[in-house]
Engineer: 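There's a structure below that I have some questions on.
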Amino acid sequence: MMEGGIKPMDWRFQPIEPISELSPQAPQQKQTEADGPSFVEMLRGQLDQVIDLQNDAERLQQELAAGRIDDINQVILAVQKADLALTFTLELRNKVIEAYQEISRMQI
Amino acid sequence: MSDELFDGLNIAASGLTAHRQWMDLIAGNIANANTTRTPEGGPFRRQLAVFMEMTDDSGRSRGVKVQQQIEDDSELRKVYEPQHPDADAEGYVSYPNVNVVAEMVDLIAASRAYEANATTLEALKSNFMRALQTLQA
Amino acid sequence: MVDVLGRDVTLAALAASQSALDRRLELLAQNIANVNTPGYKRRDVDFTAELAAALDAPADSRGERVSNLGQVVAREIVEEQLFLRPDLGGVDLDREMAELAKTQLRLAATNQLLYKKIRQYRSVIKEGRI
């Protein structure tokens with residue numbers, strides 16, 4: 001029902017509101033999603049990185065064996081990076097498992 | 001007991017032995033540079049070491065050895081000294097065909113080679129030890 | 001699967017390299033022992049060509065590549081060059097000592113990498129607890 005005084009032209013330029021904003025269901029859907037990526041996804045991403053670094057290190061070591069490296073430092077650096085990434089990830093995993101075990105021991 | 005595990009070390013050791021023998025010869029030459037009378041009669045003659053590669057029955061190299069010691073048969077140095085007890089009928093004394101300067105040059109070469117073989121022996125030894133260390137990984 | 005290292009191409013490459021370098025040390029020792037041997041011709045190994053070929057060649061599996069690397073035999077050479085004087089052989093002592101030093105350094109690098117690799121395996125097997 002049109003209000004008095006509004007010219008016929010005006011309502012044609014009023015934007016149509018998106019239905020989801022007005023719907024009373026919308027806020028509840030957002031609350032059930034987790035904040036940010038899950039822990040599993042994060043760990044998986046980390047493992048991908050470890051694998052990439054390991055592949056780099058492997059490739060350079062093979063090149064060294066084949067006599068195709070002219071700078072030993074790039075090999076050493078790659079090996080150290082891969083090693084640290086692996087050690088870090090293993091340690092992270094251990095700490096998570098420890099924390100989980102501690103929590104599951106807590107009496108409620 | 002087979003020593004093949006230490007082939008490299010044996011080869012370097014043979015280099016040490018051979019070059020030490022050569023140095024002994026050179027020392028003898030220098031010491032006897034003016035010996036006009038030897039127990040065998042006649043003046044001392046320069047001694048030479050003949051080096052030869054050592055191989056075993058299957059043709060594998062075992063390093064080096066002094067195969068034989070020979071006399072340098074080049075001309076003796078004749079000096080006119082009629083008063084000398086070893087002078088010949090014309091008054092000439094035959095001195096050894098030893099040139100001390102040449103002997104010193106040889107001594108330097110022999111000593112360099114000796115040191116090089118010693119370095120090699122050490123290198124082979126430390127390589128073997130280092131390889132063993134991976135067992136501790 | 002118990003042969004944990006049997007599918008590790010890098011380890012196989014490093015091991016093949018080490019074999020060839022060990023052999024090179026022995027040949028250099030022969031050269032140095034015979035520095036004053038008349039008529040002696042120096043020896044050497046080309047320790048990278050066969051290894052590089054085995055790495056580059058197509059292989060169906062890692063196991064196959066490891067096997068290829070295990071069969072690499074470095075090519076040994078005899079250099080015909082002799083010096084002009086008849087009482088000399090073909091050995092330049094300075095060159096041999098330089099090659100000895102280089103070979104030792106390569107061996108040290110190869111050895112350290114092998115050590116690190118085996119350590120890593122051990123550490124992973126023990127789940128990060130050394």
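Bear in mind that the values here come from a model prediction, so they are computed numbers and not experimental data. Just so it is clear: chains get the letters A, B, ... in the order the sequence lines come, proteins before strands, and each one is counted from 1.
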Engineer: Taking all atoms of both residues into account, what is the closest heavy-atom pair of B:L124 and C:A29, and its distance?
Structural biologist: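 So the two residues come closest at CD1-CB, 4.1 Å.
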Engineer: If I take atom CD1 from residue C:I32 and atom CD from residue B:E115, how far apart are they, to the nearest 0.5 angstrom?
Structural biologist: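 The distance works out to 12.5 Å.
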Engineer: Is the count of non-hydrogen atoms from other residues, nucleotides or ligands lying under 6.0 Å from B:Q83 atom CD greater than 12?
Structural biologist: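 Check fails, neighbour count at 12 or below.
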Engineer: Would you give the length of the straight line joining atom OG of B:S61 to atom CG of C:N34, rounded to the nearest 0.5 angstrom?
Structural biologist: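 Here the rounded value is 6.0 Å.
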Engineer: For C:R43 and B:E53, run salt bridge (Lys or Arg N to Asp or Glu O under 4.0 Å): C-alpha distance rounded to whole Å, both residues' side-chain angles, the deciding distance at 0.1 Å, then the answer.
Structural biologist: CA-CA 13 Å; C:R43 290 140 206 181; B:E53 187 184 1; 2.7 Å; yes
Engineer: Identify whether the distance between the nearest side-chain nitrogen and carboxylate oxygen of C:E96 and B:R112 falls below 4.0 Å.
Structural biologist: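 Salt bridge absent between C:E96 and B:R112.
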Engineer: For B:Q67, is it the side chain, the backbone, both, or neither that has a heavy atom closer than 4.5 Å to a heavy atom of chain C?
Structural biologist: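 Contact with chain C involves no heavy atom of B:Q67 at all.
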Engineer: Tell me, out of B:A49, B:A116, B:S126, who's got the most heavy-atom pairs with chain C below 4.5 Å.
Structural biologist: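 When all of B:A49, B:A116, B:S126 are compared, B:A116 has the most.
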Engineer: Is there a side-chain contact between B:H19 and C:V35, using heavy atoms and a 4.5 Å cut-off?
Structural biologist: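 The answer is yes; the side chains approach within 4.5 Å.
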Engineer: Taking everything shown except C:R75 itself, do over 12 heavy atoms lie less than 6.0 Å from its CZ?
Structural biologist: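 No, because the 6.0 Å sphere around CZ of C:R75 holds 12 heavy atoms or fewer from other groups.
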Engineer: Would you find a donor on one side and an acceptor on the other, under 3.5 Å apart, between the side chain of C:N111 and the backbone of B:R130?
Structural biologist: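 Yes; at least one donor-acceptor contact below 3.5 Å.
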Engineer: With respect to chain C, which residue among B:G63, B:A18, B:S14 yields the maximal number of heavy-atom pairs within a distance under 4.5 Å?
Structural biologist: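 Going by pairs under 4.5 Å, I would pick B:G63.
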Engineer: Report yes if the side chains of C:E26 and B:I11 come closer than 4.5 Å at any heavy-atom pair, otherwise no.
Structural biologist: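 Yes. Closest side-chain heavy atoms under 4.5 Å.
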Engineer: Using the rule given for side chain to side chain contact (heavy atoms under 4.5 Å, CB included), can you reason through B:W22 versus C:N36, listing the C-alpha separation, both sets of side-chain angles and the distance that settles it, and then say yes or no?
Structural biologist: CA-CA 10 Å; B:W22 188 21; C:N36 289 303; 3.5 Å; yes
Engineer: Return the CE to OG1 distance between C:M97 and B:T119, rounded to the nearest 0.5 Å.
Structural biologist: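 Those atoms lie 4.0 Å apart.
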Engineer: Tell me whether the count of non-hydrogen atoms from other residues, nucleotides or ligands lying under 6.0 Å of NZ in B:K65 goes above 12.
Structural biologist: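 Not more than 12 within 6.0 Å, no.
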Engineer: Examine whether an atom of B:N127 lies under 4.5 Å from a heavy atom of chain C, and if so say whether it belongs to the side chain, the backbone or both; otherwise answer neither.
Structural biologist: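 Contact with chain C is through the side chain of B:N127 alone.
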Engineer: Any heavy-atom pair between the side chains of C:L28 and B:T120 that's under 4.5 Å?
Structural biologist: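 Heavy-atom side-chain distance check fails, nothing below 4.5 Å.
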Engineer: Please classify the contact of C:A101 with chain B as side chain, backbone, both or neither, using a heavy-atom distance under 4.5 Å.
Structural biologist: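 For C:A101, neither part sits under 4.5 Å from chain B.
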Engineer: Nearest 0.5 Å, please: how far is CD in C:Q112 from OG1 in B:T134?
Structural biologist: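 Here the interatomic distance stands at 10.5 Å.
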Engineer: How long is the gap from CE on B:M52 to OH on C:Y40, to the nearest 0.5 Å?
Structural biologist: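 Rounded to the nearest 0.5 Å, the CE-OH separation comes out at 13.5 Å.
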Engineer: Does OH belonging to B:Y92 count more than 12 external heavy atoms closer than 6.0 Å?
Structural biologist: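 No - once you tally the heavy atoms of other residues, nucleotides and ligands closer than 6.0 Å, there are 12 at most.
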Engineer: Could you tell me the separation between the CG atom of C:L25 and the CG atom of B:D7, rounded to the nearest 0.5 Å?
Structural biologist: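 Nearest 0.5 Å value for the CG-CG distance: 12.5 Å.
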